[in-house]
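Structure first, commentary second.
Numbers here are sequence positions counted from 1. What you see is a predicted model, and the numbers here were worked out from it, not measured in a lab.
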Amino acid sequence: DIVHVLTTTGSGQQYFSATHRLVKNRMQLLIVPISTPEERTYLIETDVTKLRVPFPLTVSKRKLGSFKIPRSPDVACIDRDKLKFPLTLRKWKQADAFVPLGMKTQKKLSDYFTDNKFSLIDKENTWLLISGSEIAWIVGERLDERYKVTEKTKVICIFKS
């Protein structure tokens, strides 16, 4: 049956046992324990410097000055004046869209996931940093162009996951 799944069905096909699920992701089979998806949202107020739940996240602020923006996807440097507090951490939803850093137009998050070969499990485990109603950062992945630091930035909010 497993060989048949690998050769005949598309990505995202799922099979369940009493305790686990098997997900086909291209030519891979991913086996994970069955769990309840996280549907909670978490607020980040202006004075928050550290979160432990839903995952470790530090938040700091600094003036632009000679600060060099790290190239790590685990760090987001965002123009503080562009953020609308409280920020929200939540999982992605089907209609979500953002403007990927370096681009000028919006992209559906589902298309971003497909283009970057996210498995169904990766999608389910992806968190978003939301400012107002917009995605500011796909946590650990990509910043939204609208929130990037520019020469006009006065204060940088640094988020490190």
Side-chain angles (χ1 to χ4, degrees), residues 9-14 21 23-28 30 32 35-51 53-65 67-161:
T9 62
S11 285
Q13 193 70 30
Q14 299 183 73
R21 72 178 166 151
V23 179
K24 182 179 181 202
N25 182 51
R26 292 170 182 72
M27 290 303 290
Q28 295 177 320
L30 307 173
V32 294
S35 61
T36 306
E38 176 77 60
E39 292 185 20
R40 289 185 52 194
T41 59
Y42 299 86
L43 295 180
I44 301 175
E45 300 290 347
T46 55
D47 58 345
V48 169
T49 58
K50 205 172 257 197
L51 286 177
V53 176
F55 55 87
L57 181 73
T58 59
V59 183
S60 58
K61 295 178 187 113
R62 70 180 299 154
K63 294 191 187 283
L64 184 57
F67 177 70
K68 183 164 172 54
I69 297 174
R71 293 276 180 216
S72 170
D74 293 332
V75 178
C77 294
I78 298 177
D79 186 324
R80 167 65 179 84
D81 291 338
K82 296 176 182 176
L83 293 173
K84 295 177 185 127
F85 285 88
L87 304 173
T88 305
L89 277 174
R90 69 165 171 82
K91 296 291 183 104
W92 80 286
K93 297 175 184 171
Q94 195 62 42
D96 281 337
F98 78 121
V99 180
L101 185 62
M103 296 181 68
K104 294 183 182 352
T105 58
Q106 271 201 340
K107 183 176 195 111
K108 288 183 182 176
L109 204 49
S110 58
D111 291 341
Y112 176 83
F113 289 154
T114 300
D115 293 349
N116 289 280
K117 297 181 175 32
F118 275 52
S119 70
L120 179 62
I121 294 163
D122 291 337
K123 291 178 199 176
E124 292 171 354
N125 291 320
T126 298
W127 287 91
L128 305 175
L129 181 69
I130 307 296
S131 174
S133 61
E134 298 175 336
I135 296 170
W137 180 36
I138 302 171
V139 177
E141 276 292 316
R142 190 126 178 218
L143 188 67
D144 186 294
E145 175 72 18
R146 298 167 291 189
Y147 293 87
K148 74 178 181 181
V149 172
T150 67
E151 65 280 346
K152 294 178 184 175
T153 300
K154 294 177 184 121
V155 177
I156 303 169
C157 260
I158 304 162
F159 297 87
K160 189 182 288 190
S161 63

Roughly how far, to the nearest 0.5 Å, is the [atom2] atom of [Y] from the [atom1] atom of [X]?
X: T114; Y: L109; atom1: OG1; atom2: CG; value: 10.0 Å
X: K84; Y: S133; atom1: NZ; atom2: OG; value: 6.5 Å
X: M103; Y: E145; atom1: CE; atom2: CD; value: 10.0 Å

Which heavy atom of [X] sits nearest to which heavy atom of [Y], and what is that distance?
X: P73; Y: W137; value: O-CZ2, 3.5 Å
X: Q106; Y: V99; value: CG-CG2, 3.7 Å
X: C77; Y: V149; value: O-CG2, 3.6 Å
X: P70; Y: V75; value: CG-CG1, 3.9 Å
X: A136; Y: Y147; value: CA-CD1, 3.7 Å
X: E141; Y: F118; value: CD-CZ, 3.4 Å

Inset, instruction - For side chain to side chain contact (heavy atoms under 4.5 Å, CB included), just list the numbers for D81 and T153, CA-CA rounded to whole Å, side-chain angles, deciding distance to a tenth of an Å, and then say yes or no. - result: CA-CA 8 Å; D81 291 338; T153 300; over 6 Å; no
Legend entry - Residue pairs involving residues 81-103 (criterion ring pair (Phe, Tyr, Trp, His ring centres under 6.0 Å); sequence neighbours excluded): W92-F113, F98-Y112
Legend entry - Residue of the set D144, T88, L87 for which side-chain contact (heavy atoms from CB on, under 4.5 Å) holds with S131: L87
Legend entry - Given L89, I135, I138, the one that forms side-chain contact (heavy atoms from CB on, under 4.5 Å) with L129: L89
Inset, instruction - Please confirm whether the backbone N or O of K63 pairs with a side-chain atom of K154, one donor and one acceptor, at under 3.5 Å? - result: no
Inset, instruction - Verify, without hydrogens or angle tests, whether K160 (side chain) and A76 (backbone) share a donor-acceptor contact under 3.5 angstrom. - result: no
Inset, instruction - Check step by step if side chain to side chain contact (heavy atoms under 4.5 Å, CB included) holds for I158 and K61. - result: CA-CA 6 Å; I158 304 162; K61 295 178 187 113; over 6 Å; no
Inset, instruction - Check R142, K108, K107 against D115 for a salt bridge (charged side-chain N to carboxylate O under 4.0 Å, His left out) and give me the one that passes. - result: K107
Side-chain donor-acceptor contacts of residues 39-50 below 3.5 Å, not counting sequence neighbours, with atom names and distances?
residue	atom	partner	partner atom	Å
Y42	OH	E38	OE2	3.2

Inset, instruction - Please tell me if the side chains of K91 and D96 come closer than 4.5 Å, counting only heavy atoms from C-beta onward. - result: no
Legend entry - Non-hydrogen side-chain atoms of W127 and L57 separated by less than 4.5 Å: no
Inset, instruction - Apply side chain to side chain contact (heavy atoms under 4.5 Å, CB included) to the pair R146 and E134, showing each step before the final yes or no. - result: CA-CA 9 Å; R146 298 167 291 189; E134 298 175 336; 3.3 Å; yes
Inset, instruction - Would you check, one step at a time, whether the test side chain to side chain contact (heavy atoms under 4.5 Å, CB included) holds for F159 with I78? - result: CA-CA 8 Å; F159 297 87; I78 298 177; 3.9 Å; yes
Legend entry - Distance-only polar pair, side chains of S119 and D122, donor-acceptor under 3.5 Å: yes
